[in-house]
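Below you'll find the structure, written out as structure tokens, and then a few comments.
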Protein chains: 4
Amino acid sequence: MDKNVGRPRDDAAGPALLSAARRLVTERGYQRVSVQNLLDEAGVGRQTLYRRWPSKAELVLDAFLDSAGRIPVVTDGPIGDVLGRFLTHLFTNLLEDGAALRSLMASAQEDPKFLENFRERFLLPRARIVKSLLEQAVERGELAEDFDVDTASDMIHGAFWYRMLLGEALDASFAKKLAATTLKTPE
Amino acid sequence: MDKNVGRPRDDAAGPALLSAARRLVTERGYQRVSVQNLLDEAGVGRQTLYRRWPSKAELVLDAFLDSAGRIPVVTDGPIGDVLGRFLTHLFTNLLEDGAALRSLMASAQEDPKFLENFRERFLLPRARIVKSLLEQAVERGELAEDFDVDTASDMIHGAFWYRMLLGEALDASFAKKLAATTLKTPE
Amino acid sequence: MDKNVGRPRDDAAGPALLSAARRLVTERGYQRVSVQNLLDEAGVGRQTLYRRWPSKAELVLDAFLDSAGRIPVVTDGPIGDVLGRFLTHLFTNLLEDGAALRSLMASAQEDPKFLENFRERFLLPRARIVKSLLEQAVERGELAEDFDVDTASDMIHGAFWYRMLLGEALDASFAKKLAATTLKTPE
Amino acid sequence: MDKNVGRPRDDAAGPALLSAARRLVTERGYQRVSVQNLLDEAGVGRQTLYRRWPSKAELVLDAFLDSAGRIPVVTDGPIGDVLGRFLTHLFTNLLEDGAALRSLMASAQEDPKFLENFRERFLLPRARIVKSLLEQAVERGELAEDFDVDTASDMIHGAFWYRMLLGEALDASFAKKLAATTLKTPE
DNA sequence: TGTTAAGCGAGACGGTACGTCGGGTCTTGAG
DNA sequence: CTCAAGACCCGACGTACCGTCTCGCTTAACA
């Protein structure tokens with residue numbers, strides 16, 4: 001297969017589109033950015049976008065998925081501190097893209113393929129980290145043997161998204177309360 | 001203000017549109033329902049819709065906000081049972097409108113006024129019920145004095161929405177796990 | 001101006017629209033043809049029409065202006081025969097588009113730019129032919145030196161339009177009477 | 001038949017509508033005046049219009065038909081003078097309503113019933129006057145026995161309408177030329 | 001004097017057309 | 001084979017207009 005025929009793809013076009021998507025969607029939200037806006041901002045032709053992504057939605061998704069910085073997971077210390085620290089980092093990190101993430105979650109509701117992508121590439125990886133932290137705590141005996149890790153994880157991420165989608169505050173103090181309420185063991 | 005002038009609005013038209021909106025959006029989702037579909041289903045002229053709502057979005061919002069059936073709140077028995085029962089009812093109730101609610105939450109992300117409406121008329125009323133159940137449990141000594149009712153409420157509703165938006169199962173068993181995890185007091 | 005950029009316009013789309021306009025407006029008249037009818041008949045997208053013409057009215061105008069077949073002008077013989085023959089041809093020719101021409105004349109009354117176009121591209125060319133025939137007859141001595149060519153031309157075309165707009169018969173016999181009355185020289 | 005029951009019609013409403021129609025259509029042309037404009041201008045309810053006229057078109061037609069002043073027909077003197085005088089009066093008279101008449105003729109093209117009305121009540125009465133003038137001239141021997149009165153009449157009125165619809169000048173000088181060309185008898 | 005029925009202004013009604021906009025596909029000539 | 005440019009089809013949107021319908025009020029003629 002001789003694929004090295006013809007003009008090579010412009011390596012700058014993809015990043016330019018991703019960056020345009022990040023910028024514009026952050027500013028205005030998903031719906032208020034048209035494909036034409038993205039092309040103009042990136043200085044790129046229409047087909048160049050559709051050669052790389054199957055739709056506007058997928059491009060914008062990629063724009064935020066791959067840009068989400070890695071969160072350092074430090075497992076030292078008691079589970080309360082570990083979880084609190086992780087959530088604080090996570091929230092800080094995500095809040096920058098808050099408006100865009102809300103748009104993405106919105107768009108995912110009208111497009112099953114998009115949702116699956118969003119789930120697999122964005123939501124589940126973050127969920128897995130929390131679950132693994134909780135599982136470690138169970139193993140170490142810091143949490144009860146029958147602690148429902150899956151449900152707890154859903155509650156933690158659910159609370160985050162719930163507040164974000166409602167436009168409410170997401171700060172370090174909420175991260176701490178979330179960790180505390182999750183792990184609460186009276187007496 | 002002399003408003004009883006001219007032909008009065010047809011009292012049947014609004015409800016017909018609301019009902020058409022409920023039916024069609026539940027079947028197909030917000031995006032796949034056009035204004036014309038709504039008009040045809042309701043047997044109503046175009047201007048009749050736009051005289052009552054400023055846009056298709058607002059109509060659909062109204063269609064679901066006020067239609068949500070009342071959930072019976074039975075406070076007898078231990079908080080675990082009460083909460084489990086309530087959540088089971090709530091989930092059953094909301095799941096009928098699942099597709100539509102996801103559409104609404106999505107639309108709310110692109111329109112602040114829409115979101116505020118959705119929050120005040122739909123989400124907060126349900127949150128208040130859960131909070132009041134938990135507060136009663138605290139007063140009765142079933143939950144610790146320092147139990148974080150607000151955060152727990154966010155976690156419960158958050159978990160629900162998180163799973164719904166992700167298209168995951170929402171059944172009685174999940175309602176029970178949610179209640180159990182919220183109230184967990186080891187040993 | 002670098003205009004050979006981008007996909008070139010489809011050369012078939014314009015003619016397809018013009019032909020659809022001719023066909024439908026001839027059948028039903030201007031008012032009873034919708035933009036959608038034209039698009040369907042031409043097998044063309046909405047924007048493709050509005051990229052070429054600013055409105056339905058302008059499209060229909062173009063459809064008839066340039067389509068009017070050429071009338072053979074035979075100048076042999078006495079002016080009476082020449083004029084009679086020409087008018088007979090002209091009437092036959094125009095009558096095919098009768099309904100449409102009436103629509104166009106009507107539309108021209110509500111839009112000065114449209115009227116100017118109609119005048120320059122349709123009415124005046126035909127008026128010039130008649131004037132030139134009459135002028136030749138004056139030169140040849142078949143008509144008096146002081147024959148008022150301009151007024152006679154207005155009367156001929158006026159009579160044609162007057163009867164057409166009133167929905168009256170326009171046949172060879174009227175063409176002959178018109179020629180005769182125009183040239184009448186008693187005794 | 002006791003029809004004198006109930007509130008009598010407001011005698012002022014009809015004239016108010018006619019006058020509003022005359023004013024607005026003269027200013028803006030038929031198409032650019034909406035029914036609502038007429039109602040507002042006349043200070044009248046919608047049903048009051050439709051109780052008196054079957055459509056906007058008929059109202060506007062009446063507004064101009066009945067307002068057309070009577071033209072004095074003086075038959076003294078040679079036919080050239082009589083016809084010239086009459087046409088001068090006619091033109092002067094009609095020119096005031098020029099814009100509106102053009103609109104009416106335009107509207108008549110899309111509505112056969114309207115056209116019939118316009119023909120019967122406006123165009124034919126004026127045509128009959130000219131025909132009768134010409135017929136008198138034939139009887140008096142001022143015109144040849146075989147003078148084609150019908151065709152001549154069509155040419156006179158046609159020339160008038162042709163120039164009016166084309167937005168060209170209609171003045172006393174044109175009226176004279178029209179009379180002269182119609183009656184021209186060389187040597 | 002009280003009843004009745006039609007007229008009134010106001011404005012909502014169903015229907016239909018318009019011109020704009022956005023998404024994803026297709027087609028040039030140039031590189 | 002990719003690029004920028006821009007046309008293409010499709011279909012939704014919200015506005016405007018027409019002629020009809022319906023409200024509560026007003027206005028006479030009849031009872």
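In what follows, chains are A, B, ... by sequence order, proteins preceding strands, each numbered from 1. This structure is a prediction, so every number in the text was calculated from the model and none was measured.
Spacing between atom CZ of D:R28 and atom P of F:dC17 amounts to 10 Å, rounded to whole angstrom units. Spacing between atom CZ of D:F114 and atom C1' of F:dC18 amounts to 15 Å, rounded to whole angstrom units. Across the protein-nucleic acid pair, C:N37 atom CG and E:dT16 atom P stand 12 Å apart, rounded to whole Å. Whole-Å rounding puts the D:D11 CG to E:dC8 C1' distance at 13 Å. Atom pair D:E58:CD and F:dC18:P shows a separation of 15 Å (rounding to whole Å applied). In this entry the distance linking CD of C:Q36 with P of E:dT16 reads 14 Å, nearest Å. Atoms CG (C:L17) and P (F:dC9) sit 9 Å apart, rounded to a whole Å. As a whole-Å value, the separation of B:Q31 CD from E:dG22 P is 14 Å.
Dashed line: the shortest gap from a side-chain N or O of D:R9 to OP1 or OP2 of E:dG7 is under 4.0 Å. Here D:K56 does not reach the OP1 or OP2 of F:dG19: none of its side-chain N or O atoms lies under 4.0 Å away.
When each of B:P8 and B:V33 is assigned the nucleotide of DNA chain F with its nearest heavy atom, B:V33 is the one assigned upstream, toward the 5' end.
Of the possible donor and acceptor atoms, none in the side chain of D:N117 sits under 3.5 Å from a partner among the backbone N and O of D:F114. Side-chain N or O atoms of B:Y30 include none that pairs as donor or acceptor with a backbone N or O of B:R102 at under 3.5 Å. The backbone N or O of D:L165 sits less than 3.5 Å from a side-chain atom of C:Q109, completing a donor-acceptor pair.
Nearest nucleotide to the A:V35 side chain, out of E:dA12, F:dC23, E:dG24: E:dG24. Here the side chain of B:S34 is nearest to one of F:dC18, F:dA12, E:dG7, namely F:dA12.
The stretch residues 39-55 of chain A comes close to DNA chain F through A:G43, A:V44, A:G45, A:R46, A:T48, A:R51, A:R52, each having a heavy atom under 4.0 Å from the strand.
On a pure distance criterion of 3.5 Å, no polar donor-acceptor pair joins the side chain of C:R7 and the base of F:dC8.
At least one side-chain heavy atom of A:R28 sits less than 4.5 Å from a side-chain heavy atom of A:N37.
Nearest heavy-atom pair across B:D62 and B:R121 is OD1-NH1, 3.0 Å. Nearest heavy-atom pair across D:L49 and D:V35 is CD1-CG1, 4.2 Å.
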Exercise. Take A:R23 and A:S19, measure what side chain to side chain donor-acceptor pair (under 3.5 Å) needs, and give me the verdict at the end.
Key: CA-CA 6 Å; A:R23 191 160 45 253; A:S19 146; 3.2 Å; yes

